[in-house]
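For reference, the structure is listed below as structure tokens.
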Amino acid sequence: MASFQEKVLLIVSRIKKGQVLTYKQVAQLAGNPNAFRAVGNILSKNYNPKIPCHRVIRSDGAIGGYNRGEKKKIFLLKKEKAI
DNA sequence: CATTTGACGCCAA
DNA sequence: TTTGGCGCCAAAT
């Protein structure tokens, strides 16, 4: 069985272009609807470019953060019309 | 086992 | 609408 972080990474990697999920949604898909905290923590430590972590945002619509610059994340989201 | 950290979520004021 | 405060969980120490 994959670790919680492996599930999260897999789910995030499956996000298609133009699609966006919230940390809570990712946590729910990972099996723990209340582990949204851990989700953010995992993504922050993950520097794998294969993971479109910029497609994961907060429930409020805020970007949250990005390991390569929040501006980049905002730009990508606006460009893809994911938000 | 106890604490700390962190890209969160929700509610009250 | 904006803050502050509390609760939540996984991994690291």
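Residue numbers start from 1 in every chain, and the chains themselves are labelled A, B, ... in the order their sequence lines are given, proteins ahead of strands.
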Any idea which of [options] is nearest the [X] side chain?
| X | options | answer |
| --- | --- | --- |
| A:Asn41 | B:dG6, B:dA7, C:dA11 | B:dG6 |
| A:Phe36 | C:dA11, C:dG7, C:dC9 | C:dG7 |
| A:Gln5 | B:dA7, C:dA11, B:dG6 | C:dA11 |

Answer with base, sugar-phosphate or nothing: what part of the nucleic acid does [X] contact at a heavy-atom distance below 4.0 Å?
| X | result |
| --- | --- |
| A:Gly64 | sugar-phosphate |
| A:Ala38 | base |
| A:Phe4 | sugar-phosphate |
| A:Lys45 | nothing |
| A:Asn34 | sugar-phosphate |

How close or far is atom [atom2] of [N] from atom [atom1] of [X], stated in whole angstroms?
| X | N | atom1 | atom2 | value |
| --- | --- | --- | --- | --- |
| A:Tyr23 | C:dA10 | OH | C1' | 16 Å |
| A:Lys7 | C:dC9 | NZ | P | 14 Å |
| A:Lys24 | B:dG6 | NZ | C1' | 18 Å |
| A:Gln25 | B:dG9 | CD | P | 10 Å |
| A:Tyr47 | B:dA7 | OH | C1' | 10 Å |
| A:Ile51 | B:dA7 | CD1 | C1' | 15 Å |
| A:Leu43 | B:dT5 | CG | C1' | 15 Å |
| A:Lys72 | B:dA7 | NZ | C1' | 18 Å |

Looking at side-chain heavy atoms only, is the closest gap between [X] and [Y] below 4.5 Å?
| X | Y | result |
| --- | --- | --- |
| A:Val56 | A:Leu43 | yes |
| A:Lys7 | A:Met1 | yes |
| A:Phe4 | A:Ile42 | yes |

Rounded to the nearest 0.5 Å, the CG atom of A:Leu9 sits from the CG atom of A:Asn46 at a distance of 4.5 Å
So CD of A:Glu70 and CD1 of A:Ile63: to nearest 0.5 Å the spacing works out to 4.0 Å
Using a cut-off of less than 4.0 Å, is there contact between a side-chain N or O of [X] and OP1 or OP2 of [N]?
| X | N | answer |
| --- | --- | --- |
| A:Arg58 | B:dG9 | yes |
| A:Asn32 | C:dA10 | yes |
| A:Ser44 | B:dG6 | no |

Want to know the stems of DNA chain C: at least 3 consecutive Watson-Crick or G-U pairs with distances under 3.5 Å, which are they?
->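 So the stems come out as B:2-6 with C:9-13, B:8-13 with C:2-7.
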Might you point out which heavy atoms bring A:Lys73 and A:His54 nearest each other, and give the distance in Å?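 Closest heavy-atom pair between A:Lys73 and A:His54: CE-O, 3.4 Å.
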Kindly say whether A:Asn34 contributes a backbone atom to a donor-acceptor pair with the side chain of A:Asn32 at under 3.5 angstrom?
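Not at all, since once roles are kept as given, no pair shorter than 3.5 Å links the two residues.
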*asked:* When you measure from the side chain of A:Ser3 to the backbone of A:Glu6, do you find a donor-acceptor pair of N or O atoms at a distance under 3.5 Å?
replied: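 Judged by distance alone, no pair lies under 3.5 Å.
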**Report entry** First of A:Val39 and A:Thr22 reached from the 5' end of DNA chain B, by closest nucleotide
**Finding:**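 Looking at DNA chain B, the more 5' nearest nucleotide goes with A:Val39.
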